[in-house]
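Following: one structure in structure tokens, then a few remarks.
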Amino acid sequence: MNSSTDKYQRIVNDLIKQGWSISENFINAEVAQALKNEADALHENGAFRRAGVGREQGYHVESKIRGDNIVWLDEVTDHDAPQRYLAELEQLRQVINQQMFLGLFEFEGHFAVYGPGTFYQRHLDQHQGSDSRQVTCVMYMNEHWQPEHRGELRLFVSENGNERAIDIPPRAGLLACFLSEMFYHEVLPTTTDRYSITGWFRRRG
């Protein structure tokens with residue numbers, strides 16, 4: 001098993017064992033910086049819009065729940081940096097399907113930028129009445145993140161019947177994955193601009 005395949009296998013092993021995984025340096029610094037440059041260019045062109053909560057007729061913007069601005073990746077799939085990242089995720093999707101038999105057929109995701117003071121309250125990623133989102137993947141592009149910048153992803157996990165919180169730093173290249181139906185999570189308030197790509201491996205509903 002080569003080092004590239006090994007990193008996908010480590011993630012899948014974690015998902016099978018505990019339902020979540022944290023992978024430092026999932027992508028290298030060059031790709032992380034290229035993705036951040038892409039996000040900055042999209043912002044300058046006015047492509048970002050306020051994110052909302054809910055789905056279909058229930059979708060609405062609620063700043064007291066979440067404060068990020070987003071651009072969906074399917075709007076920029078012909079750009080080089082997103083293509084390189086999506087190629088990595090495709091390799092991961094195949095390994096997950098081979099060993100977990102989840103029937104994942106696509107990845108949907110978006111750039112997300114949280115400005116100073118913004119956050120996302122505790123929530124689940126599976127929409128009510130739909131189980132299409134199976135595995136959540138969040139990758140970060142914050143090269144010089146420091147603890148005082150905050151904006152951690154707080155993941156709530158169960159151990160021996162008790163809940164505890166794991167705070168995941170949004171460092172560039174880090175990928176956090178978890179089973180979408182199992183884990184509540186939140187984004188803690190950030191003190192500086194916080195860049196990520198958030199998305200989900202989906203199966204057909």
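Sequential numbering from 1 along the given sequence is applied to the chain's residues. These values consider heavy atoms only, across backbone and side chains, with no hydrogens, waters or symmetry-generated copies.
- Checking side-chain atoms of Arg154 against main-chain N and O of Ile166 turns up no donor-acceptor pair under 3.5 Å.
- Between the Thr190 side chain and the His149 main chain, a donor and an acceptor come within less than 3.5 Å of each other.
- Salt bridge status for Arg203 with Asp131: present, with a side-chain N to carboxylate O gap under 4.0 Å.
- In terms of modelled atom types and a separation under 3.5 Å, the side chain of Glu62 and the main chain of Lys64 share a donor-acceptor contact.
- Using a 4.0 Å cut-off between charged nitrogen and carboxylate oxygen, Asp6 and Arg10 count as a salt-bridge pair.
- Looking at Leu174 and Ser23, their side chains never come closer than 4.5 Å, going by heavy atoms from C-beta outward.
- For Gln83, there are no side-chain contact (heavy atoms from CB on, under 4.5 Å) partners at least two apart in sequence or on another chain.
- Between Trp200 and Trp72, the ring planes lie tilted relative to each other; the angle falls in the 30° to 60° range.
- Checked against ring pair (Phe, Tyr, Trp, His ring centres under 6.0 Å), Phe48 has no partners two or more places apart in sequence or in another chain.
- Here the side chains of Phe107 and Val135 are not in contact, with every heavy-atom distance at 4.5 Å or above.
- Atom NE2 of His43 has 12 or fewer neighbouring heavy atoms from other residues, nucleotides or ligands inside a 6.0 Å radius.
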Quick one: side chains of residues 91-101, donor-acceptor pairs under 3.5 Å with protein atoms, not counting sequence neighbours, listed by atom name and distance.
from	atom 1	to	atom 2	distance (Å)
Arg93	NE	Glu90	OE1	2.9
Arg93	NE	Glu90	OE2	3.4
Arg93	NH1	Leu104	O	2.6
Arg93	NH2	Glu90	OE2	2.7
Gln94	NE2	Glu90	OE2	3.1
Asn97	OD1	Gly103	N	3.3
Asn97	OD1	Leu104	N	2.9
Asn97	ND2	Leu104	O	2.7
Gln99	OE1	Gln9	NE2	3.0
Gln99	NE2	Gln9	OE1	2.6

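- The pair Glu152-Arg150 meets the salt-bridge criterion, with a side-chain N (NZ, NE, NH1 or NH2) lying under 4.0 Å from an Asp/Glu carboxylate O.
- When side chains are defined from C-beta on, Glu143 does not count as touching Lys36, because their heavy atoms never get closer than 4.5 Å.
- Every residue was checked against the side-chain contact (heavy atoms from CB on, under 4.5 Å) condition with Asn25, not counting sequence neighbours, and none meets it.
- Side-chain N or O atoms of Gln126 include one that pairs as donor or acceptor with a backbone N or O of Arg133 at under 3.5 Å.
- Between Lys7 and Glu88 there is a salt bridge, since a side-chain N of the basic residue sits under 4.0 Å from a carboxylate O of the acidic one.
- At least one donor-acceptor pair closer than 3.5 Å links the side chain of Asn28 to the backbone N or O of Glu30.
- Legend: side-chain hydrogen bond (donor to acceptor under 3.5 Å, both in side chains) pairs involving residues 169-185, not counting sequence neighbours, sorted by first then second residue: Glu24-Arg171, His123-His185, Asp125-His185, Thr136-Ser180.
- Within the 3.5 Å criterion, the main-chain N or O of Trp20 finds a donor-acceptor partner in the side chain of Gln18.
- The OG1 atom of Thr198 sits 7.5 Å away from atom CG of Asp68, with the distance rounded to the nearest 0.5 Å.
- Not a single ring pair (Phe, Tyr, Trp, His ring centres under 6.0 Å) links Tyr114 to another residue, sequence neighbours left out.
- Not a single donor-acceptor pair under 3.5 Å links the side chain of Asn142 to the backbone N or O of Trp145.
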